[in-house]
Asker: 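Have a look at the structure that comes next, please.
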Amino acid sequence: MEVFKRAILQPGPPENFALKTVQEVIKPQKQTKLAQDENQFLENILRMLLQEFVSAAVSAEKIMQFGQSIDSSETTQGHIPRLLDIVLYLCEKEHIEGGMIFQLLEDLTEMSTMKNCKDVFGYIESKQDILGKQELFARGKLVMLRTCNQLLRRLSKANDVVFCGRILMFLAHFFPLSERSALNIKGVFNTSNETKFEKEPLEGICIDFNFYQTFWGLQEFFSNPTSISHAPVKWLKFTSSLSVVLNTFEAQPLSDEEGDANNLEEEAVNFSIKYLTSSKLMGLELKDPSFRRHVLVQCLILFDYLKAPGKGDKDLPSENMKEEITSCEERVKRLLELTPPKGSEFLHKIEHILEREKNWVWWKRDGCLPYEKQPIEKKAVPEGSKKRRPRWRLGNKELSQLWKWADQNPNALTDPQRVQTPSIMEYWKPLADDMDPSAGIEAEYHHKNNRVYCWKGLRLAARQDLEGFSKFTDHGIEGVVPLELLPPDVRSKYQAKPNDRSKRSKKEETKGSAHQVEENQIATTTTELDGDGIRTDTTATPMEFDGVSVPGTQGGTPTPEELHKHSSDTDVGQEAGQLEADAEVEAGIIDGETDADVDLDTVG
């Protein structure tokens with residue numbers, strides 16, 4: 001023990017002298033790790049030394065500061081924190097058994113007063129990251145859980161609320177989320193939490209005592225919701241009592257001034273877990289926004305439990321009960337929204353919390369499966385050993401391997417079986433099987449959904465089957481499949497028929513011919529009018545006729561060459577007239593109307 005006392009007074013970090021001190025005291029068989037009996041001997045020495053320090057520090061106000069000296073240069077630690085730091089270092093480096101530090105912390109909390117326990121627990125919180133390491137956590141998690149539970153039992157739930165919260169927060173961070181020891185697996189309620197209130201009215205108190213008893217009587221149902229889920233009588237009593245309370249809240253709404261007068265942030269400093277139930281305070285409590293919110297949130301928690309997912313058919317509420325729950329829940333939410341200050345924001349936060357709570361309910365009822373994922377440690381790669389990306393001869397690995405394989409097999413490129421173009425029948429056989437209703441192949445697995453397959457098929461059909469390729473416009477990719485591959489009932493759908501496009505082309509040709517005939521008729525009419533003019537001109541006097549000059553002449557008698565040229569132009573005009581007449585005949589045949597038909601109609 002004297003060796004450890006001298007080590008505690010040594011300056012500097014524990015790694016400079018901790019292991020040497022243990023070796024000096026124990027003289028172990030191994031230089032860096034103690035055996036089981038050696039660990040037990042060392043633990044007894046440390047526990048006796050810790051007890052001695054605590055006994056000597058009884059007169060001091062804070063035992064964690066016992067032995068602390070304040071110099072002009074530096075401030076040193078107390079004896080107990082220094083001892084704990086040395087043991088924690090030895091446990092972390094696995095020189096001694098990992099659970100030894102947890103045992104010392106448990107002894108220290110048991111020997112300390114509640115005032116000193118706050119300082120001890122502050123030391124535990126500061127070393128949370130080291131204590132939570134896997135090699136230490138596996139050895140001491142049960143001891144730490146027992147230590148925290150003992151502290152919670154010693155603390156007052158009404159006066160030490162903050163310290164209790166610190167302990168619970170530490171447990172929540174120290175233990176993994178899937179730790180079953182911290183869970184209420186069966187969903188048991190704390191029925192021992194009874195709310196006592198007055199049974200007889202007091203004299204001189206002007207208050208509706210029936211409402212007072214009805215209001216505080218709801219706490220019996222809130223503390224044990226299972227009692228009303230399968231008892232129709234209790235459920236009827238609960239709904240009637242809740243309706244009275246909600247009607248009172250609705251009849252006495254709170255104004256914004258009353259909400260601002262009660263500063264909720266200041267109230268949080270003096271928060272207590274239970275409200276006073278004296279009938280004298282009933283009128284004041286009804287005007288308190290935080291009091292109303294607590295009661296209304298209790299209602300939402302109860303409704304959320306009754307509708308909780310994961311229950312069996314026997315545990316689910318009846319249809320009438322579901323309707324009543326829904327109506328009451330809407331009224332409660334409306335009151336929360338109207339309760340100042342910031343009622344809408346408060347309601348939104350409560351709904352968010354209750355929605356997240358459903359996930360925990362499902363997780364617990366599924367067996368609390370672990371879902372933590374340990375972080376993957378990235379191996380540090382030295383700067384000079386960075387791997388270069390491989391460079392391939394032809395750009396990537398596959399092409400380079402293919403080229404290498406061709407070099408090793410020179411006959412591969414000349415082999416006639418290397419590349420084979422399938423026949424039309426072979427290529428479209430899979431799609432024909434898909435089109436057969438008797439095959440029962442679902443539409444999402446048809447080959448027509450494969451774009452590459454359809455594109456290759458169209459290229460093949462354009463080279464080898466133009467007739468099938470022409471059907472793509474009318475019937476899509478399925479129309480390109482040869483009819484011989486299709487079953488009879490499907491084949492009739494894709495058999496060759498005059499398509500709409502050929503019909504439209506013929507119709508357009510007919511319209512074009514008719515239009516041409518009309519133009520020819522107009523031209524013919526113009527020619528006839530010109531002929532009439534010529535005939536009229538022939539009745540003129542010889543002097544007038546002689547005055548008409550033939551084109552190309554200069555007013556005199558035409559030469560033989562000019563007459564020959566004029567006769568050639570006349571022949572061309574006659575040939576054009578003959579062609580126009582033939583066109584009229586053809587147009588009459590196309591339209592089904594000939595001169596004979598017209599004469600017959602006239603005769604008729």
Side-chain angles (χ1 to χ4, degrees), residues 177 180 182-197 211-250 273-275 277 286 290-339 343-369:
L177 291 175
R180 294 175 65 87
L183 299 174
N184 184 10
I185 303 296
K186 297 181 180 180
V188 180
F189 291 93
N190 183 19
T191 55
S192 61
N193 183 19
E194 297 181 2
T195 301
K196 298 180 180 180
F197 55 94
F211 173 78
Y212 168 81
Q213 287 186 322
T214 301
F215 180 85
W216 289 112
L218 290 175
Q219 298 300 319
E220 178 184 357
F221 303 106
F222 290 150
S223 63
N224 188 17
T226 56
S227 62
I228 62 176
S229 57
H230 300 292
V233 178
K234 289 188 175 182
W235 170 251
L236 183 61
K237 182 180 179 181
F238 169 75
T239 52
S240 60
S241 301
L242 180 62
S243 179
V244 171
V245 173
L246 295 181
N247 290 337
T248 303
F249 285 174
E250 291 173 348
I273 60 175
K274 297 199 73 170
Y275 281 94
T277 60
L286 290 177
S290 61
F291 179 77
R292 288 197 180 191
R293 283 180 173 177
H294 277 80
V295 176
L296 294 175
V297 169
Q298 281 183 306
C299 296
L300 292 180
I301 294 173
L302 175 64
F303 297 149
D304 194 62
Y305 167 77
L306 296 177
K307 299 187 303 180
K311 293 184 177 182
D313 295 337
K314 296 181 179 179
D315 299 330
L316 292 175
S318 60
E319 294 298 329
N320 294 335
M321 191 173 179
K322 287 181 181 179
E323 294 178 0
E324 293 178 355
I325 291 174
T326 303
S327 62
C328 293
E329 188 175 17
E330 291 177 355
R331 293 183 65 186
V332 170
K333 289 183 178 180
R334 194 182 310 111
L335 285 171
L336 276 175
E337 189 174 4
L338 296 176
T339 302
S344 300
E345 297 180 9
F346 181 81
L347 175 60
H348 179 71
K349 292 177 181 179
I350 293 298
E351 289 177 338
H352 179 69
I353 293 172
L354 294 177
E355 187 65 27
R356 289 178 59 88
E357 187 68 19
K358 294 178 182 179
N359 299 331
W360 292 107
V361 171
W362 276 111
W363 175 68
K364 287 169 63 175
R365 291 178 180 176
D366 289 341
C368 303
L369 301 176

Asker: Kindly write out the residues that satisfy salt bridge (charged side-chain N to carboxylate O under 4.0 Å, His left out) with K237, not counting sequence neighbours, or none if the list is empty.
Answerer: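 K237 satisfies salt bridge (charged side-chain N to carboxylate O under 4.0 Å, His left out) with no residue once adjacent residues are dropped.
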Asker: Can you name the closest pair of heavy atoms from F189 and T226 and give their distance?
Answerer: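 In terms of heavy atoms, the two residues are closest at CE1-CG2, 3.8 Å.
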Asker: Between R293 (side chain) and L336 (backbone), is there a donor-acceptor pair under 3.5 Å?
Answerer: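 No, because the side chain of R293 does not come within donor-acceptor range (under 3.5 Å) of the backbone of L336.
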Asker: Atom CZ of R292 and atom OG1 of T248: how far apart are they, to the nearest 0.5 Å?
Answerer: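 Spacing of CZ (R292) from OG1 (T248) equals 9.0 Å.
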Asker: I need the I350 CD1 to K333 NZ distance, nearest 0.5 Å.
Answerer: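 Rounded to the nearest 0.5 Å, the CD1-NZ separation comes to 11.0 Å.
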Asker: Hey, could you give me the OG/CG distance between S223 and L302, rounded to the nearest 0.5 Å?
Answerer: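 Here the rounded value is 10.0 Å.
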Asker: Quick check for you: to the nearest 0.5 Å, what is the distance between N247 atom CG and L242 atom CG?
Answerer: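 One finds 9.0 Å between CG of N247 and CG of L242.
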Asker: Backbone N or O of W235 within a donor-acceptor pair of the T239 side chain at under 3.5 Å?
Answerer: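 Yes, the answer is positive, given that a donor and an acceptor are paired below the 3.5 Å cut-off.
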Asker: Using the test ring pair (Phe, Tyr, Trp, His ring centres under 6.0 Å), find all partners of W363 that sit at least two apart in sequence or belong to another chain.
Answerer: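 If we apply the ring pair (Phe, Tyr, Trp, His ring centres under 6.0 Å) test to W363, skipping adjacent residues, the hits are W360, Y371.
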Asker: Is there a donor-acceptor contact under 3.5 Å from the side chain of T277 to the main chain of K196?
Answerer: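 Flag set: sc T277 to bb K196 pair under 3.5 Å.
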Asker: A side-chain contact here means heavy atoms from C-beta on lying under 4.5 Å apart; do S290 and Y275 qualify?
Answerer: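 Yes, side chains in contact.
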Asker: Do T339 and L347 make a side-chain contact, defined as non-hydrogen atoms from C-beta onward lying under 4.5 Å apart?
Answerer: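 Side-chain contact under 4.5 Å: no.
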Asker: Please report the interatomic distance NZ(K234) to OG(S241), rounded to the nearest 0.5 Å.
Answerer: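 It comes to 13.0 Å.
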Asker: How long is the gap from CD1 on I325 to NZ on K322, to the nearest 0.5 Å?
Answerer: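 Rounded to the nearest 0.5 Å, the CD1-NZ separation comes out at 9.0 Å.
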Asker: Under the criterion side-chain contact (heavy atoms from CB on, under 4.5 Å), I'd like the reasoning laid out for F303 against T326: C-alpha separation, chi angles, the key distance, then a yes or no.
Answerer: CA-CA 9 Å; F303 297 149; T326 303; over 6 Å; no
Asker: Do K274 and N193 come close enough that some side-chain heavy atom pair is under 4.5 Å?
Answerer: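 In short, these two side chains touch, coming nearer than 4.5 Å.
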Asker: Do F291 and F215 have their ring centres less than 6.0 Å from each other?
Answerer: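 Ring centroids of F291 and F215 are less than 6.0 Å from each other.
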Asker: Between L286 and F249, is there a side-chain heavy-atom distance shorter than 4.5 Å?
Answerer: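 Side-chain contact under 4.5 Å: yes.
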Asker: So do the side chains of D304 and E329 get within less than 4.5 Å of each other, counting heavy atoms only?
Answerer: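 When only atoms from C-beta onward are counted, E329 and D304 do not touch, as no gap falls below 4.5 Å.
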Asker: Please examine the side chains of F346 and V297, heavy atoms only from C-beta on, and report whether any two atoms are closer than 4.5 Å.
Answerer: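 Counting from C-beta outward, V297 and F346 do come under 4.5 Å.
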Asker: Using the test side chain to side chain donor-acceptor pair (under 3.5 Å), find all partners of Q219 that sit at least two apart in sequence or belong to another chain.
Answerer: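 Side chain to side chain donor-acceptor pair (under 3.5 Å) check on Q219 returns Q298.
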Asker: Donor-acceptor check, side chain of H348 to backbone of S344, threshold 3.5 angstrom: yes or no?
Answerer: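 Side chain of H348 to backbone of S344: no pair is present.
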Asker: Do R331 and S243 come close enough that some side-chain heavy atom pair is under 4.5 Å?
Answerer: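 Yes - at least one pair of side-chain heavy atoms lies under 4.5 Å apart.
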Asker: Less than 4.5 Å apart, any side-chain heavy atom of F222 and any of F238?
Answerer: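 SC-SC contact between F222 and F238 confirmed.
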